[in-house]
Amino acid sequence: LMIIAKKKIGFRMKSGIMRFLDGLSMTLTTVGGLNWGIVGLGNIFNKDWNLVNMLIGKWAWIENLVYVLAGLSAVYLIAMWLGKIMKKMG
């Protein structure tokens with residue numbers, strides 16, 4: 001039935017891995033954006049309010065991994081967004 005629905009309606013069902021990547025990317029990008037907002041507010045008041053550093057600063061390599069994953073998540077979300085735009089255009 002789903003195969004028929006996919007052919008007739010023309011939509012694509014996402015696999016479990018893709019749904020996981022979408023959710024993880026959205027979460028990491030949101031955490032990264034909120035962290036940068038808090039860092040900016042802290043800078044206004046001459047305070048160090050880096051939430052990621054406060055939570056896992058004892059392990060510098062994990063902190064750096066979080067930053068890299070947040071950046072890669074943003075790139076993934078941009079690619080997904082551009083893919084949707086290109087699909088609509090042509």
Side-chain angles (χ1 to χ4, degrees):
L1 183 61
M2 290 306 290
I3 295 171
I4 295 168
K6 284 166 89 173
K7 287 182 180 179
K8 286 187 176 183
I9 300 172
F11 70 90
R12 181 176 65 102
M13 303 230 9
K14 286 190 173 186
S15 69
I17 293 171
M18 292 303 291
R19 284 194 312 259
F20 173 77
L21 283 176
D22 288 351
L24 180 65
S25 294
M26 189 62 71
T27 301
L28 285 169
T29 304
T30 301
V31 167
L34 290 173
N35 188 58
W36 277 111
I38 292 169
V39 167
L41 281 174
N43 286 338
I44 291 171
F45 298 108
N46 292 323
K47 303 286 183 182
D48 183 18
W49 290 347
N50 185 337
L51 212 55
V52 174
N53 182 268
M54 286 181 202
L55 295 175
I56 55 177
K58 294 177 184 177
W59 303 287
W61 68 273
I62 294 177
E63 181 182 358
N64 290 332
L65 180 64
V66 168
Y67 294 138
V68 169
L69 290 175
L72 290 174
S73 295
V75 170
Y76 172 80
L77 291 175
I78 290 168
M80 297 300 291
W81 178 68
L82 288 174
K84 287 180 182 180
I85 289 175
M86 297 303 275
K87 194 172 189 179
K88 286 183 181 179
M89 290 177 65

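All of these numbers come straight from a predicted model, not from anything done at the bench. Counting begins at 1 with the first residue of the sequence.
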In Å, rounded to the nearest 0.5 Å, how long is the span from CG of N35 to CG of L28?
12.0 Å
Quick one: pull up CG in L24 and OG1 in T29 and give me the separation to the nearest 0.5 Å.
8.5 Å
Following the transitive rule for hydrophobic clusters with a side-chain heavy-atom cut-off under 4.5 Å over Ile, Leu, Val, Met, Phe, Trp and Tyr, establish whether [X] and [Y] coincide in one cluster.
X   : Y   : result
I44 : W49 : yes
L34 : V52 : no
I38 : M54 : yes
L51 : L41 : yes

Take atom CE of M26 as the centre, draw a 6.0 Å sphere, and report whether it contains more than 12 heavy atoms from other residues, nucleotides or ligands.
no
Step by step, would you call W59 with L65 a side chain to side chain contact (heavy atoms under 4.5 Å, CB included)?
CA-CA 10 Å; W59 303 287; L65 180 64; over 6 Å; no
Can I get a per-line list of side-chain donor-acceptor pairs under 3.5 Å for residues 71-84, giving both atom names and the distance, sequence neighbours left out?
from	atom 1	to	atom 2	distance (Å)
S73	OG	L69	O	2.8
Y76	OH	D22	OD1	2.6

